[in-house]
Amino acid sequence: MKLQVQPKLIIHGGAGSSLHGKGGLEAVRRSLYTVVEEIYALLLSGATASVAVVQGCQMLEDDPRFNAGTGSVLQSDGQIRMSASLMDGASGRFSGVINVSRVKNPIELVQFLQNSPDRVLSDYGAAELARELQVPSYNALTELRLQEWMQERHDNFKSTMAGVVAEPELVESNNAGRGTIGVVALDAYGRLATGTSTGGKGFERIGRVSDSAMPAGNYANSQAAVSCTGIGEDIIDECLAPRIVVRVTDGMSLKDAMQRSFAEAHKNQRDFGAIALDAKGAIAWGKTSEILLAAYHDGEKLGDTLELPIETQIGCLE
């Protein structure tokens, strides 16, 4: 197949505190690169951006290291509730599920909803959809997340959120992580799509809704696509993903749109990160947190953001 444009891909596995040494860093890098290599090959084979995004999200949801799907954090009552969304930039369609339980891959329900007249479902509706589709019941709980919750229960949930990765020995402190996964793709036909999935903050009030199931945290059109990670409330307050996409649509370069949006976020003392692509093939990332667990393929090679200096806010490959 002759490529019309060079596909591009960027993914993330959360943002938050520093990883412990090279061991933690290399473990996360291996996980991210495995996904990037497989999904980029899929894009080269002619897969659409949406198909690639869904498959990438599934792989990240299935990796217990990350807070989405298997390995999701527990909420204050000890239950797992997951949220996810998908936006196809070509069709302009957003779909999502909010606080769904007992499914392996929330992004699969979201993919089905792309062609539904009702495209965002909350907990009960998402559970009904899973039954209609005969999605097998699945327990996403891991021993590490259970131990994390039990420890916080003994401490009366003093931590505001769970760790960014499900390995306490890999992070500096458990209360400094913000776990989400996301995938942004530009396919060989010049189409963009983005997907985001999360288990939430961990220890949160029952019924709390993540930005991952909102356009605020996951947005795309024909010009740009963005997936966010970090403190959901901060992402919602900044309306981060649409803010970046609209700026690109209005004529700003992706780099400048990220620069301005993250400068505003820094001024407002927000705590989050984002990954982005535009229709011209520019790849960008930004963070106000210490680290952003992101990796990408620029058409020639793999790269990542795991060892950026703490003060670095944005990066862009044009």
Side-chain angles (χ1 to χ4, degrees), residues 1 3 5-14 28-72 82-91 93-97 100 103-116 119 126 129-130 133 135-136 138 140 179-199 212-213 217-220 225-227 229 275-277 283 293-299 302 304:
M1 181 197 74
L3 302 182
V5 300
Q6 183 70 50
K8 300 292 176 69
L9 177 69
I10 186 167
I11 71 172
H12 71 73
V28 171
R29 179 173 281 139
R30 282 195 301 272
S31 287
L32 293 174
Y33 278 21
T34 297
V35 177
V36 170
E37 288 173 336
E38 183 167 326
I39 302 307
Y40 194 75
L42 189 65
L43 287 167
L44 287 177
S45 74
T48 65
S50 283
V51 167
V53 163
V54 169
Q55 189 158 324
C57 286
Q58 286 173 327
M59 291 181 71
L60 289 162
E61 286 174 342
D62 289 345
D63 188 331
R65 175 167 285 124
F66 302 114
N67 174 23
T70 303
S72 287
M82 301 168 286
S83 297
S85 66
L86 171 68
M87 190 157 190
D88 185 304
S91 66
R93 287 188 174 185
F94 179 96
S95 57
V97 292
V100 64
V103 297
K104 185 178 183 184
N105 296 110
I107 198 69
E108 288 186 9
L109 298 180
V110 173
Q111 183 181 33
F112 174 84
L113 289 170
Q114 275 282 302
N115 296 311
S116 168
R119 293 203 302 270
L129 175 63
L133 298 177
V135 175
Y138 180 78
T180 315
I181 64 91
V183 179
V184 185
L186 172 70
D187 65 27
Y189 314 102
R191 296 177 296 204
L192 292 158
T194 182
T196 307
S197 182
T198 187
S212 298
N218 190 72
Y219 196 77
V226 178
S227 171
T229 179
I275 58 173
L277 294 174
I283 302 173
L293 308 182
Y296 57 84
H297 201 302
D298 65 3
L302 292 163
D304 64 66

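- Rounding to the nearest 0.5 angstrom, the gap separating the CG atom in Asp187 from the NZ atom in Lys8 is 13.0 Å.
- One finds the OG atom of Ser116 at 11.5 Å from the CG atom of Leu109 (value rounded to the nearest 0.5 Å).
- Nearest approach of Ser212 to Thr180, heavy atoms of both residues: OG-CG2, 3.3 Å.
- In this structure, the side chain of Tyr40 does not engage the main chain of Tyr296 through any donor-acceptor pair within 3.5 Å.
- Scanning all heavy atoms of the two residues, the minimum distance from Ala52 to Leu42 falls at CA-CD2, 3.9 Å.
- Distance check, rounded to the nearest 0.5 Å: CD1 of Ile10 to CG of Asp298 gives 10.5 Å.
- Smallest separation of non-hydrogen atoms from Ser227 and Thr194: CB-OG1, 3.5 Å.
- To the nearest 0.5 Å, atom CG of residue Asp63 and atom OG1 of residue Thr34 are 8.5 Å apart.
- Contact record, Ala276 with Val226: CB-CG2, 3.8 Å, taken as the closest heavy-atom pair.
- Side-chain atoms of Arg93 come within 3.5 Å of backbone N or O of Gln114 as a donor-acceptor pair.
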*Take Thr198 and Glu61 through the side-chain contact (heavy atoms from CB on, under 4.5 Å) test and state the conclusion after the steps.*
CA-CA 8 Å; Thr198 187; Glu61 286 174 342; over 6 Å; no
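- A donor-acceptor pair is defined here as one N or O able to donate and one able to accept, closer than 3.5 Å; no such pair exists between the side chain of Asn105 and the backbone of Glu108.
- Under a 3.5 Å cut-off, the side chain of Thr196 and the backbone N or O of Ser85 do not form any donor-acceptor pair.
- Taking each heavy atom of Val100 and Ala126 in turn, the nearest pair found is CG2-CB, 3.7 Å.
- In this structure the side chain of Leu113 reaches within 4.5 angstrom of the side chain of Leu129, judged on heavy atoms.
- Distance check, rounded to the nearest 0.5 Å: CG of Leu60 to CD1 of Ile39 gives 8.5 Å.
- Within the 4.5 Å cutoff, side-chain heavy atoms of His297 are placed close to those of Leu302.
- The neighbour count for Phe112 CZ, taken as heavy atoms of other residues, nucleotides or ligands under 6.0 Å away, does not exceed 12.
- The two residues Val97 and Ala213 come nearest to each other via the heavy atoms O-CB, 3.5 Å.
- Note that CG of Leu192 is 10.0 Å distant from OG of Ser50, once rounded to the nearest 0.5 Å.
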*Assess whether side-chain contact (heavy atoms from CB on, under 4.5 Å) is satisfied between Leu9 and Leu43, documenting all intermediate values.*
CA-CA 9 Å; Leu9 177 69; Leu43 287 167; 4.2 Å; yes
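- Counting heavy atoms from C-beta outward, Lys104 and Pro136 have side chains that stay 4.5 Å or more apart.
- Using a 4.5 Å heavy-atom cutoff, the side chains of Glu37 and Leu32 are not in contact.
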